[in-house]
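All remarks here apply to the structure that follows.
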Amino acid sequence: MSNSIPFNHIYLIDGSGYIFRAFYGIPPMTRPDGTPVNAVYGYTNMLIKLLADHESDGFAVIFDAGRESFRNEFYPQYKAQRPDAPEELIPQFGLIREATRAFNLPSIEMKGYEADDLIATYAREAKEAGVKVTIVSSDKDLMQLVEPDVELLDPMKNIAIGEEQVLDKFGVKPDRVVDVQALAGDSVDNVPGVPGIGIKTAAQLINEYGDLESLLNRAEEIKQPKRRQNLIEHAELARISRRLVELKRDVPVDDDLSGFDRMDPDGSVLRAFLEENGFRSIIARLGETLGGGNEAGQSAEAEAAPGESEYELVQTKDALARWIAEANKEGIVTIDTETTGLDAHSAELVGVSLSCKAGKACYIPVGHRSTEAAAAADSDQGGLDLAGPTDGSDDTPSQIPRDEAIALLKPVLEDAGVLKVGQNIKYDMIVLARYGIEMAPIDDTMLLSYVIEGGLHGHGMDDLAQLHFGHSTIKFKDVAGSGKSQVTFDKVPLDKALDYAAEDADITGRLHRLLKPRLVTDRMTTVYETIERPLVPVLARMERTGIKVDRDVLRRMSNDFAQRLAELETQIHTLAGRSFTIGSPKQLGEILFDEMSLPGGKKGKSGAYATGADILESLAAQGHDLPARVLDWRQLAKLKSTYTDSLQEQINPETGRIHTSYAQAIASTGRLSSNDPNLQNIPIRTEEGRKIREAFVAEEGCKLLSVDYSQIELRLAAEIADIESLRQAFLEGQDIHAITASQVFGVPVEGMDPMIRRQAKAINFGIIYGISAFGLANNLRIPQNEARNYIAAYFERYPGIKAYMERAKADCKKHGFVTTLFGRKIHIPAIGEKNPARKNFGERAAINAPIQGTAADVIKRAMIRVPRALATAGLDAKMLLQVHDELLFEVPEAQIEETTAVVREVMEKACDPALKLSVPLVADAGVGRNWAEAH
DNA sequence: GCCCTCACG
DNA sequence: GACGTACGTGAGGGCC
C-alpha cells in the first residue's frame with residue numbers, strides 16, 4: 001500500500017494501436033493546409049471521451065518508438081512483412097504526440113521496445129504499488145496482462161475485457177495466453193507458431209498439458225500423427241514464438257510511474273492545438289472548458305456551456321406573453337412538451353418548455369398536480385385518486401390553466417412566420433394536435449442529425465448532447481424516480497420539472513444552431529428538405545388516424561391458441577418424459593441433446609445448445625416427434641403473445657383503433673420502423689398467422705386498399721448496378737426470377753423446373769444482401785461449393801453486379817459512407833474494422849444500403865405526395881400504414897377505383913422529376929374488407 | 001439488461 | 001482451421 005504514487009487508478013493508453021485503427025476507421029479529412037488529420041481527429045475525440053467518462057487519476061499514453069525492437073535481434077522476420085505506413089498517416093504520428101501533450105498527458109516511448117512492453121512494465125509496477133490499472137487498447141496481444149485489478153478497455157467498442165473475455169477469445173486464462181499464441185502463431189506479426197495449429201487446437205493442448213514447455217516435452221504422447229510430428233519438429237519455433245509474443249515486464253524505463261498523475265490541460269494550449277488542426281466542432285463542443293483566448297474571433301458568439309443557464313418557471317399569463325413575444329420577434333422557437341406518458345396518442349399534456357436563445361429557456365406547467373412527494377414516501381396508497389386533492393389540502397401548484405395556456409400558445413405555434421424547432425417534434429405535434437394545435441412549420445434536430453450522421457450513432461437527445469457538447473442531460477429517472485416509486489411527470493415538483501424540461505428545450509436549440517448549418521456543408525439539404533422534413537406531418541397524421549381492429553377476431557384466436565397450446569404442452573411433456581418450460585431454449589436444448597441424445601447438438605458461444613427453427617426442422621425431418629411439436633408450439637405461442645393477446649391491449653379505448661408510432665431516425669438505411677405496436681411485422685407467410693390480418697378492418701362503408709411496389713429493390717439493383725439484361729426483363733414485364741434462372745443456368749423459360757426458379761430467386765435476393773456462398777448455401781440448403789458455383793455463374797452472366805459490389809465497397813471504405821440515388825448518406829463505420837468478420841459485415845451492408853435506402857427514399861417521396869394528390873382529386877381516403885414497400889389506405893367504398901388510380905400513379909412516378917429511372921416502377925393494388933383480403 | 005427466437009420487408 | 005456469415009427492423013420470454 002505505502003508508496004509514493006499519487007493516484008489510485010491509472011489508464012495506460014496504447015497510442016500506437018489506436019493510430020492505425022483510427023486511420024482506417026475514420027474517413028479521410030485534411031486541415032486547411034492539406035495535412036491529413038483523420039487519425040489525429042479520432043485520437044483527440046477518444047482522449048476527450050476517456051477523460052470525460054473515467055474518473056481515474058492517473059493517465060499516460062504509450063507509443064512504439066520505431067519499427068525495430070529487441071525482438072528483431074533474435075528473430076529478424078518479426079513484423080518484417082508489414083508494409084510501410086501509408087503516406088497520409090506519416091505526418092499524423094507526430095501530430096498525435098502533439099495532441100497528447102496538448103492535453104497535458106505524458107507521451108511515453110522508448111527505443112528498442114514496443115509500446116506493449118512499456119505498458120506491461122508500468123502495469124506491473126502499478127499493480128505492485130496497489131494501483132488499479134486499465135489498459136486502453138484493442139490489441140489482443142495485451143490480453144496476457146489481464147489479472148485482478150488489471151483490465152483491458154477496448155476504446156472503439158467501449159467494452160472492458162477481463163479474465164472471462166480472455167477465456168472466450170483464447171480458451172485459456174490470461175497467464176497461458178502466450179502459450180496459446182506461441183503455438184497458433186500470428187500471420188499479421190509474422191509470429192511463426194507451429195504449422196497446423198490454430199487457437200482452438202492450441203487452447204485444447206495447453207489445457208491438457210498445462211503449459212507450453214510440458215507440452216513440448218511430452219509431444220510424443222500426442223495421438224494425431226501429423227500434429228505430433230509438427231510439434232516435435234517445430235518445438236524450437238514454438239519457443240521462439242513464445243519469446244516474440246511474451247511482453248517484457250521489466251523494461252528499464254526512463255519515466256517514473258509516479259509522474260503519471262492526471263493534470264488538467266491548459267485551455268489556451270489545447271485551444272491552439274485544436275485551432276491549428278481545424279477541429280472546430282471539438283472547440284465548439286468543449287466550449288467554456290477551453291477558457292478565454294478567443295483572439296481568432298471565429299467563435300465570437302460562442303454559446304454559454306450547457307449547465308450554465310438561466311431557466312424561468314412561467315406561472316402567469318403575463319410571463320407567458322413575454323416568451324411568446326420573444327418567439328415572434330426571433331421568428332424561431334424551440335419547443336418541448338412534457339406529458340404523463342410515452343405514448344403520444346394517449347398521454348396528457350403536463351407542461352411546455354420554450355427557448356429562443358442559448359442558455360435561456362422557460363417551462364410552462366399546465367397540468368401539474370399536488371406533488372405528493374412527501375405523501376408517497378410514507379404510504380404508497382396507490383389506488384384511486386378520488387375527486388381531486390384529498391384532505392382538502394389543495395397544494396396543486398400555481399400554474400396557468402391548461403386551456404388558457406393552449407389558447408395563448410396556439411397562434412404562435414401555428415404562425416407560418418415562426419419556425420418551431422423540436423427534438424423528435426412529431427411527438428409534440430401529435431400531443432398538441434389532440435389539444436387543437438396544428439403546429440407548423442417545423443424543424444427537427446433528431447432528423448438533422450439523422451441525415452447528416454445516419455449510421456454513426458443514435459440520434460436521441462442524450463446521445464446528441466453527449467456527443468456534441470460533452471453534456472449529460474438530466475435523466476428522466478432523476479426527476480421522476482424509477483421502478484415502483486416512479487411517478488408521472490404531472491407529479492414532479494415544479495422546481496425539478498423546470499430544470500429537466502427547460503434543459504431539453506435549451507439543448508435542442510443548441511443542437512439546431514450546430515446542425516442546421518451542416519446541412520449545407522455536408523450537402524444534405526435536399527434529403528432533409530424534400531424527404532425527411534415534409535414527411536413528419538404525414539406520419540403524424542397517419543399515426544393519429546390509426547387502424548381499426550376487430551377485437552372479437554383477436555379474442556377468438558387467442559382462445560383457440562390457448563387451447564391448442566395446452567394440448568401441445570401435454571404432448572411435449574409426455575414425449576420428453578418430464579415437465580419443463582418449453583419456452584426456455586436452455587431447458588429445451590438439455591432435453592433434446594442431453595436427455596434424449598438427439599444428434600446435432602451444437603453449443604453456441606454462450607454455452608447453450610442452439611435450438612432455432614432450422615435445427616428443430618431438421619430433427620423433425622428425421623422423424624423425431626418432439627421437435628416437430630415444439631415448432632408448432634412456438635408458432636402458436638408467438639402468434640398469441642406477440643399478436644392476438646397484445647394487439648388487443650393496444651387498442652386505444654377512445655378511438656377503438658390501434659395507433660403505432662413510426663421511428664424516423666432509427667434504421668441506418670433510411671427506412672422507417674414501427675413500434676408500440678410494430679405494425680410492420682404482422683404475420684403473412686403462414687396461413688395460420690395470416691388470419692391475424694383479418695382483424696385489421698375498414699370502418700363501416702369503407703374498404704382497405706393495399707398498394708405495394710413490385711420487386712422494387714431488384715428493380716433498383718438493376719438501375720444502380722446497371723444490369724442491362726435485368727433491366728430489359730423488367731421493361732418487358734417478364735418473370736424476373738425465371739429469366740435469371742434461364743440466363744444463369746442456361747435453361748429455357750418454358751416448362752422450367754420450379755426448383756430452378758426458386759434457386760434463381762434466392763440468388764437474386766442474395767445479390768441485394770451482399771451475397772456470400774455461406775449465406776446462399778444456408779438459404780437453399782445446398783453445399784457451399786454448389787452455392788459458390790452459382791454465384792460465379794451469376795457474376796459471369798451479369799458482370800455489372802460484381803462491378804457494383806466492388807464499387808460500393810471501395811466507395812464506402814474511402815468515404816465511410818455510401819449514398820442512395822437521392823443523395824442520402826448511409827455511414828457504415830464497420831467497413832474500417834480490422835476484424836475480418838466485422839469488416840465483411842460492413843462490406844455486405846455497403847452493398848445493400850444504397851438499394852434498400854433508395855427504395856426507402858422512393859416510398860417516402862410517394863407518401864409525401866399522396867395526401868395532396870388525394871385532396872386535389874377530391875378523395876377522402878386515409879393513409880394508414882407503411883410497410884416498407886406497401887401503403888395501406890382506408891377508402892370510402894364509392895371511391896375505390898379512383899383512389900387506386902391516384903395512389904398507383906403517385907407511387908409509380910415517385911422518382912419524378914428528381915430522377916429518371918431506366919427501369920419502370922410498378923405498383924400493384926388489392927382491396928378488401930380486411931388486410932388479409934386486401935394484400 | 002442480455003440472449004434467443006421469430007414476426008415482417 | 002479460421003473471425004463468422006446474407007440486408008434492415010421490433011417484441012416477448014427466459015434468465016441472471
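In what follows, every chain begins at residue 1, and chains take the letters A, B, ... in the order their sequences are listed. Source: prediction; values computed, not measured.
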Hey, are A:Glu688 and A:Arg564 close enough for a salt bridge, meaning a charged N less than 4.0 Å from a carboxylate O?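 Between A:Arg564 and A:Glu688 there is a salt bridge, with a charged N closer than 4.0 Å to a carboxylate O.
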Taking only Lys NZ, Arg NE, NH1 and NH2, and the carboxylate oxygens of Asp or Glu, determine whether A:Lys825 and A:Glu453 approach each other closer than 4.0 Å. no
What's [X] touching, base or sugar-phosphate or nothing? Going by heavy atoms closer than 4.0 Å.
| X | result |
| --- | --- |
| A:Pro683 | sugar-phosphate |
| A:Ile199 | nothing |
| A:Ala613 | sugar-phosphate |
| A:Arg685 | base |

Rounded to whole angstrom units, what separation is found between the [atom1] atom of [X] and the [atom2] atom of [N]?
| X | N | atom1 | atom2 | value |
| --- | --- | --- | --- | --- |
| A:Leu780 | C:dT5 | CG | C1' | 15 Å |
| A:Ile615 | B:dT5 | CD1 | P | 8 Å |
| A:Leu639 | C:dG13 | CG | P | 13 Å |
| A:Ile847 | C:dT5 | CD1 | P | 17 Å |
| A:Leu636 | B:dA7 | CG | P | 11 Å |
| A:Asp857 | B:dG9 | CG | C1' | 16 Å |
| A:Gln680 | B:dC6 | CD | C1' | 16 Å |

Determine the Euclidean distance between corresponding [atom1] atoms of [M] and [N]; express it in Å to zero decimal places.
| N | M | atom1 | result |
| --- | --- | --- | --- |
| B:dC2 | C:dA6 | P | 22 Å |
| B:dA7 | C:dC3 | C1' | 29 Å |
| C:dG4 | B:dC8 | P | 29 Å |

Could you run through nucleotides 6-12 of chain C and give me one letter per nucleotide, 5' to 3': B if any protein heavy atom sits under 4.0 Å from the base, S if only the sugar-phosphate is that close, - if neither? BBBSBBS
Pairwise side-chain contact, A:Leu616 with A:Leu592, heavy-atom cut-off 4.5 Å (strictly under):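 Side-chain contact under 4.5 Å: yes.
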Side chains of A:Thr642 and A:Leu647: does their closest heavy-atom pair fall under 4.5 Å?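 A:Thr642 vs A:Leu647: side chains apart.
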Which label fits A:Tyr794 and A:Tyr798: parallel for a plane angle under 30°, tilted from 30 to 60°, or perpendicular past 60°? perpendicular
Output all residues satisfying side chain to side chain donor-acceptor pair (under 3.5 Å) with [X], sequence neighbours left out; order by chain, then residue number.
| X | answer |
| --- | --- |
| A:Gln664 | A:Glu532 |
| A:Tyr662 | none |
| A:Lys839 | none |

Quick check on C:dC15: is either OP1 or OP2 less than 4.0 Å from any side-chain nitrogen or oxygen of A:Gln587?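 The answer is yes; a side-chain N or O of A:Gln587 sits under 4.0 Å from OP1 or OP2.
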Between A:Arg838 and C:dG4, is there a contact of a side-chain N or O with OP1 or OP2 at under 4.0 Å?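 No.
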Can you tell me which stems involve DNA chain C, if a stem is defined as three or more consecutive Watson-Crick or G-U wobble pairs, both distances under 3.5 Å?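 Looking at DNA chain C, the stems formed by three or more consecutive pairs are B:1-9 with C:7-15.
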List for me each residue that meets ring pair (Phe, Tyr, Trp, His ring centres under 6.0 Å) alongside A:His234, sequence neighbours excluded, and say none if there are none.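 Once residues adjacent in sequence are excluded, A:His234 has no partner under the ring pair (Phe, Tyr, Trp, His ring centres under 6.0 Å) criterion.
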